[in-house]
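Read through the structure below, which is laid out as structure tokens, and then see the notes.
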Amino acid sequence: SVQAHQEEDNPQKTMEVNGLTPVPESYDYDLIVIGGGSGGLAAAKEAAKYGKKVMVLDFVTPTPQGSSWGLGGTCVNVGCIPKKLMHQAALLGQALQDSRKFGWQFTEEVKHNWMTMTESVQNYIGSLNWGYRVSLRDTKVTYENAYGEFVGPHTIKATNKKGVEKLYTAERFIIATGERPRYLGIPGDKEYCISSDDLFSLPYCPGKTLVVGASYVALECAGFLAGLGLDVTVMVRSILLRGFDQDMANKIGEYMKEHGVNFIREFVPIKVEQVEEGTPGLLKVTAKSTTGDQMIEGEYNTVLLAIGRDPCTRKIGLDKVGVNINEKTGKIPVNDEEQTNVPHIYAVGDILQGKLELTPVAIQAGRLLVRRLYAGATAKCDYVNVPTTVFTPLEYGACGYSEETAVEKFGEENIEVYHNHFWPLEWTVPSRDNNKCYAKIICNIQDNERVIGFHVLGPNAGEVTQGFAAAIKCGLTKEQLDSTVGIHPVCAEV
Amino acid sequence: GKNEYDLLVIGGGSGGLACAKEAAQFGRKVAVLDYVEPSPRGTTWGLGGTCVNVGCIPKKLMHQAALLGSALKDAQHYGWNISQPVHHTWSVMAQSVQNYVKSLNWGHRVQLQDKKVKYFNIRGSFSDPHTVRGLTKAGKETIVTADNIVIATGGRPKYPTHIAGALEYGITSDDLFWLKESPGKTLPSFILHVSLECAGFLTGIGLDTTVMMRSIPLRGFDQASHISKKNQICFTTQQQMASLVTEHMESYGTKFLKRCFPTKVEKLKSNRLQVTWKNADLNTEETDCFDTVMWAVGRAPDTKTLSLETVGVKTNSETGKIIVDASEATSVPHIYAIGDITEGRPELTPTAIAAGKLLAQRLFRHSSELMDYDSVPTTVFTPLEYGCVGLSEEAAVQRHGSDNIEVYHAYYKPLEFTVAERDAIQCYVKMVCLREREQRILGLHFIGPNAGEVIQGFALGIKCGATYPQLMKTVGIHPTCAEEVTKLHITKRSGLDATVTGC
């Protein structure tokens, strides 16, 4: 109870004030997880399975525009889930067009209603938030909707929405606070621009939109907004999808351009001003060229910033407990057991340095970590050959090396790239592009032509890629690939 | 004298064309004979075989048309304002599909020309082991001689001729895809995956469709069996998967008449068809009227006109299929057979193509690689698709004993169904593994959207000897349906609820 906590902690506080580091005899919890997202919740529930006393602290600092959300983290609220649903809405728009050629008739011009879609999506997310709360209750994990920060080696201060502070102690901690979108640091950015944190619950149609950035977030959002019929422009500083196979990245960009997304390349915004208030209003964006002195201006209803995400590690008291972070990026370096430099403090998910920012990776890492801590397991999270998919209008699935990284690591003469364009059967009748879908595999000649990279651009890329990732994990070689019969007629048989 | 060609292929379908083109690549002199005997209804088509003309291709396109119908319904939930109900016009779809198929026919002819393969639109029959006599439609005779001959004539749908009126009034898949007018109220009869697939898309485009089934669905290749026990065809006796697929179809609007078999078909003055059947459960006789009756009672090998007896090519007495060894050789030297016509092989386009190519490589390029028919993945394109690779649960139990296998399973819900408010109770995935040591995966079964796309990659994994631990180490792609495979952890043995509840 609260009373007991305060009585227990007072001596601790006195000791801290006196400059001594207290060592509590018994802790409130075996494990406190800071951050109720994909990684944090998976770890917490797993620990509870082993009878541990676990607490999860989750808190969402509202965005500059005031958006906030419930338990579940980025993926559920402002990431994978709403993104895929809105992507689906856009795909359905395309399906409507195709369906006429397949014999379906409906006369009027079909328009999209943003509010109908957003309400449905938010309702579903609400059910997930609720589901998580129930799940934590059922597994007897204590949950507090409060902002957690370290105040001592084994002590967390939790501050709720109303400002009420409580202290909790634990033997071990897992930091899983994730990230939030970065702002440009230019006049008008926080006042007038939105980010992905706001987009999925925007209570009005964004209208003519400028998306700033070239990350997968930028391209996915630009993609579905255009698919819903909006006028979309993407402003890119240099290259698309940095870190991804550039051959594939360019194909994605080309496809989007051909399907109505405007691109402004090699420009960065330097100020955003409001022309008219409203929902949406009208904004004027001034941008400067990265290659010269040229300046351009444009007017948009909405400006969506998608230039990157920053870890939530700077204001959680890590300095007080001596956990090292990369000062430049804010990311936390960990060893291969997700342990920080402080032995009893661990970290999982997007905040980790050098690891992939993906929900399934965070979940896997969180679960395996807890099994090692409490169930005597030894398995470590395998970060190699993790598959991923970018849900742009033309989806891109990948696993393993990009062509560039393969060449860099193995040398051009030691790799073989097999590739093919393909035309999904379902695109033939509605006469959709016949040379856009593409697949390539990269093989290591010196290692029995082992498949070290898989890339596919086409419908349902995620569904296609998943099984290939499993095969790559089994050491798939080109010969085995060739001897496997295709399923006909599907895209994956290519 | 010397034979005119190095290779003669009889049958211009998936296997035949692949074999011919491969051989031509090695600079060989190749000829292809292709001929389509019109169906009893008079339907005929161009070069390319079953898959292109009356199989996989038009089937998947019509399946897509039906899926788009569902998409139109979903779209409203996602904010698109289309007023319901939306109507489907058969002739628009049929014309688009038929035009595409014709473009493929054309494409095949051009390809043969480019590769300098001689093409004859004639019906061939053997005169001797190196000579085939061909007749054009007009009755003109051509003689072709070759060092090697490959028979790839495929199969054609059977008619249940013991049922009065079946031949006169019913159609088969050979006719369905070429109908210019809507089939209307349709009865696809008997259960094979063909009839389920057709029933599925017919329902999807808004037609009143009833499937009549004698026993259990997807029993597939039993009495009319084309597959020997040696083969690991995953659909055989797949009771569980079959019932999930048909349950979905029922909730989707397809009517099923279970444990019924037709006794006669008559034509009424209105031109509609009256079907009489026996209901085995109730022991009654019932009738109803339909616009179209489609038979899907199995396919028979197309060997009648080949005169195989003349050269002594042995066939299976029960099935009529040509008996071949692991190198696709028949009982007669220099005569081979590939594709649907061969005994004990899966009736699938990709296997015919692969077998055809490998055969050409062995004949003309000194290769010794044989076709591997093990663990061939496949998909049934019913409204809720079913993809599988490897052993069925039943086959695994039979082969290894139920104590030695572990079955992992899960019921899941595709994310896209949530906002669309669609039911997902039949979306299901099941993995059959060996229980001991490394826990090798024997079979994988998936019911859900895009099942073919999901299964393909896993088929590769199984070819590499994938184990359960390896699969669990593979990180999922989120959010997809395929990731559910990497999350399987509830066993049937445990009896626990296998419903996936959330991230």
Side-chain angles (χ1 to χ4, degrees), chain A residues 38 80-81 84-85 88-89 92-93 95-96 98-99 101-106 110-113 116-117 120-121 124 131 359-361 364 382 386-389 425-426 428-429 460 462-471 473-476 480-481 483-493, chain B residues 56-57 60-61 64-65 68-69 71-72 74-75 77-82 86-90 92-93 96-97 100 349-351 354 372 376-379 415-416 418-419 450 452-461 463-464 466 470-471 473-483 502-503:
Chain A
S38 304
C80 333
I81 302 295
K84 187 99 191 293
L85 289 169
Q88 176 69 355
L92 286 171
L96 293 184
D98 289 352
S99 68
K101 286 277 177 58
F102 279 92
W104 292 99
Q105 297 166 308
F106 38 97
V110 183
K111 285 216 162 60
H112 184 261
N113 183 315
T116 306
M117 174 185 73
S120 298
V121 170
Y124 177 62
T359 281
V361 171
Q364 173 111 253
D382 188 350
V386 172
T388 178
T389 298
L425 180 62
E426 294 76 4
T428 57
V429 161
N460 303 305
E463 307 293 359
V464 172
T465 303
Q466 182 72 85
F468 283 88
K473 184 97 2 193
C474 301
L476 179 72
Q480 286 168 318
L481 188 95
S483 73
T484 303
V485 182
I487 296 173
H488 184 69
V490 298
C491 296
E493 66 178 314
Chain B
C56 332
I57 301 293
K60 187 98 191 295
L61 287 171
Q64 176 69 356
L68 287 171
L72 289 174
D74 288 352
H77 293 275
Y78 280 90
W80 293 98
N81 64 340
I82 323 162
V86 172
H87 295 287
H88 185 263
T89 307
W90 173 274
V92 173
M93 174 184 74
S96 297
V97 171
Y100 177 65
T349 281
T351 49
D372 184 357
V376 172
T378 182
T379 300
L415 178 63
E416 293 76 8
T418 56
V419 163
N450 304 302
E453 308 293 2
V454 172
I455 290 286
Q456 183 71 84
F458 289 104
L460 283 172
K463 184 126 305 213
C464 301
Q470 279 174 318
L471 212 66
K473 269 175 78 172
T474 306
V475 181
I477 298 175
H478 186 67
T480 60
C481 295
E483 66 175 312
C503 286

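Throughout, protein chains are lettered first and strands after them, A, B, ... in sequence-line order, and every chain is numbered starting at 1.
Atom NE2 in H478(B) sits 5.0 Å away from atom OG1 in T359(A) (nearest 0.5 Å). Distance check, rounded to the nearest 0.5 Å: CG of L481(A) to NZ of K463(B) gives 10.5 Å. One distance of note links NZ of K111(A) with CD1 of I82(B); it measures 13.5 Å at 0.5 Å rounding. For the atom pair CD (Q470(B)) and SG (C474(A)), the distance works out to 3.5 Å, reported to the nearest 0.5 Å. The NE2 atom of H88(B) sits 9.0 Å away from the CZ atom of F102(A) when rounded to the nearest 0.5 Å. The distance from atom CG of D98(A) to atom CG of L68(B), rounded to the nearest 0.5 Å, is 6.0 Å.
Between V475(B) and P387(A), the closest side-chain pair of non-hydrogen atoms falls below 4.5 Å. At least one side-chain heavy atom of E416(B) sits less than 4.5 Å from a side-chain heavy atom of K84(A).
By number of non-hydrogen pairs under 4.5 angstrom with chain A, the leading residue of A466(B), S96(B), P479(B), G452(B) is P479(B). Ranked by non-hydrogen atom pairs under 4.5 Å with chain B, the options H112(A), Q88(A), M117(A) are led by H112(A). Your options are G476(B), A75(B), A459(B), and the one with the most heavy-atom pairs under 4.5 Å with chain A is G476(B). The residue among G461(B), C464(B), G79(B), A354(B) with the most heavy atom pairs within less than 4.5 Å of chain A is G79(B). Ranked by heavy-atom pairs under 4.5 Å with chain B, the first of T389(A), T484(A), V121(A) is T484(A). For the options V464(A), T465(A), T116(A), heavy-atom pairs under 4.5 Å to chain B are most numerous at V464(A).
Nearest heavy-atom pair across A470(A) and F458(B) is CB-CE2, 3.8 Å. Here the shortest heavy-atom pairing between Y78(B) and A89(A) reads CD2-CB, 3.6 Å. Annotation for L96(A) and L72(B): closest pair CD2-CD2, 2.7 Å, computed over non-hydrogen atoms.
Not counting sequence neighbours, the partners of T418(B) by the side-chain contact (heavy atoms from CB on, under 4.5 Å) test are L85(A), Y124(A), K413(B), L415(B).
The contact between L460(B) and chain A is made by backbone and side chain atoms together, counting heavy-atom distances below 4.5 Å. For a residue to count as touching a neighbouring chain, one of its non-hydrogen atoms must lie under 4.5 Å from one of that chain's; by this rule Q480(A) touches chain B with backbone and side chain alike. Interface remark: T351(B) contributes backbone and side-chain atoms alike to the contact with chain A (heavy atom separation under 4.5 Å). Heavy-atom distances place the backbone of T388(A), and not its side chain, under 4.5 Å from chain B.
Between the side chain of Q466(A) and the backbone N or O of I477(B) there is at least one donor-acceptor pair closer than 3.5 Å. No side-chain donor-acceptor contact under 3.5 Å links K473(A) to the backbone of T474(B). The backbone N or O of H77(B) sits less than 3.5 Å from a side-chain atom of S120(A), completing a donor-acceptor pair.
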